[in-house]
**Q** 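Sending over a structure as structure tokens; questions will come in a sec.
All values reported here derive from a predicted model rather than from experimental measurement. Numbering of ligands and ligand atoms starts at 1, following listing order.
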Amino acid sequence: MTPNEFTHIAALMPDPFRVLWRVKVSSTNDELRELAVNGTAEGLVLVCEEQEAGRGRRGAAWFSPKGESLAFSILLRPEAAKSMWSRLSLTAGLAVAEAVEKFVPLAEIKWPNDVQIGGKKIAGILVEAGADFVIVGIGINVNSGNFPEGLAATSLKAETGNEVSRAEVLLEVVKRLARHSDRIDTDFPEMLEGVKERCALTGKRVALTYSEKRVEGFIQGLGPSGELLVEIAGKLERIFQADEIRVLSE
Ligand code: BTN
């Protein structure tokens, strides 16, 4: 295969992870899903230069400027019971936050798994499960410079003032996800502590939409399953899935 920016990390990837590099794809999640359905073994990491139909959560589009941002998806075939697979969502957020912290001092996690620096989004994650696999799709603003007006976003380059190697960032994420994803059944409480330490919402007043309701509440923290604990009108609610969360005040 033609050497590319990611060739040199091949030998450094933890077993069984390996990189497949493509110039242009529709969405790395969609193309990796096709490979997964056709029996590709765990650990394939599909990374591309350009996505024509990159997707975010809740059906939003995800823009990844060519060559500047990092867009990739990782194929997992978890051994843990399927009931535990939802834990991979927080776990992936933690892996990305830890990887980002190799380059900047402190990353925050906006539940469930947006990664931010100083309140500005630096990475988004889209986890999708199939019958016997999970695709963890990750978009990281590595060297991105121009963000659409009104978008609270940043990149590693904007934070550090330097170009950062996308291959190094990819390798850091894979190393951490490899370790964490293997232990969702045994070490989840420990991983949750890592998420809690970085939780951008704890102590904040937020407006959130869940189960088709729009409510305002105060975030108390995270519960034992990683659910959001929100005080709404004096009552503590446990929220496992929310559509939109907006911080109203610090
Ligand atoms: C979000 O913040 O809403 C999640 C964004 C996830 C984007 C990544 S980029 C690589 C992978 N392929 C996709 O189509 N989406 C994910």
**Q** Any idea which atoms of ligand 1 are less than 4.0 Å away from a heavy-atom of Arg57?
**A** 1 (C), 3 (O), 4 (C)

**Q** Within a 6.0 Å radius of atom CG on Asn146, are there more than 12 heavy atoms belonging to other residues, nucleotides or ligands?
**A** no

**Q** Under 4.0 Å from ligand 1, counting heavy atoms only, is it the side chain of Arg58, its backbone, both or neither?
**A** neither

**Q** Provide the closest heavy-atom pair for Asn29 versus Leu126 in the form atom of the first, atom of the second, distance.
**A** ND2-O, 3.3 Å

**Q** For atom 2 (O) of ligand 1, what is the nearest protein heavy atom, given as residue, atom name and distance?
**A** Lys121 NZ, 2.6 Å

**Q** With heavy-atom distances below 4.5 Å as the criterion, would you say the side chains of Phe6 and Arg166 are in contact?
**A** yes

**Q** Under a 4.0 Å heavy-atom limit, does Ser73 contact ligand 1 with its side chain, its backbone, both, or neither?
**A** side chain

**Q** Would you mind telling me if ligand 1 is within reach of the side chain of Ile125, the backbone, both or neither, using heavy atoms under 4.0 Å?
**A** backbone

**Q** So that I can tick it off, tell me whether Glu237 and Lys235 are bridged by a salt bridge, with the cut-off set at under 4.0 angstrom between side-chain N and carboxylate O.
**A** yes

**Q** Give me the residue, atom name and distance of the protein heavy atom closest to atom 9 (S) of ligand 1.
**A** Gln51 NE2, 3.4 Å

**Q** Which atoms of ligand 1 sit under 4.0 Å from any heavy atom of Asp114?
**A** 2 (O)

**Q** Look at atom 6 (C) of ligand 1 and find which of Glu52, Arg55, Glu31 reaches it with the closest heavy atom.
**A** Arg55

**Q** Check for me whether Ala60 has a heavy atom closer than 4.0 Å to any atom of ligand 1.
**A** no

**Q** Looking at non-hydrogen atoms alone, which of Trp62, Phe63, Phe72 comes nearest to atom 7 (C) of ligand 1?
**A** Trp62

**Q** Knowing that exactly one of Ile122, Thr154, Ile117 qualifies, which makes a side chain to side chain contact (heavy atoms under 4.5 Å, CB included) with Val104?
**A** Ile117

**Q** Do Arg214 and Glu216 come within less than 4.5 Å of each other through their side chains, counting heavy atoms only?
**A** yes

**Q** Considering only heavy atoms of Gly54, which atoms of ligand 1 have at least one such atom less than 4.0 Å away?
**A** 14 (O)

**Q** At less than 4.0 angstrom from any non-hydrogen atom of Gly56, what atoms of ligand 1 do you find?
**A** 1 (C), 3 (O), 4 (C), 5 (C)

**Q** Is the number of heavy atoms from other residues, nucleotides or ligands under 6.0 Å of Lys196 NZ greater than 12?
**A** yes

**Q** Return the closest protein heavy atom for atom 11 (C) of ligand 1 as residue, atom name and distance.
**A** Thr28 OG1, 3.2 Å

**Q** Between Glu163 and Lys157, does at least one N-O distance fall below 4.0 Å, as a salt bridge requires?
**A** yes

**Q** According to a hydrophobic-cluster definition based on side-chain heavy atoms being under 4.5 Å apart (Ile, Leu, Val, Met, Phe, Trp, Tyr only), do Val173 and Leu12 belong together?
**A** yes

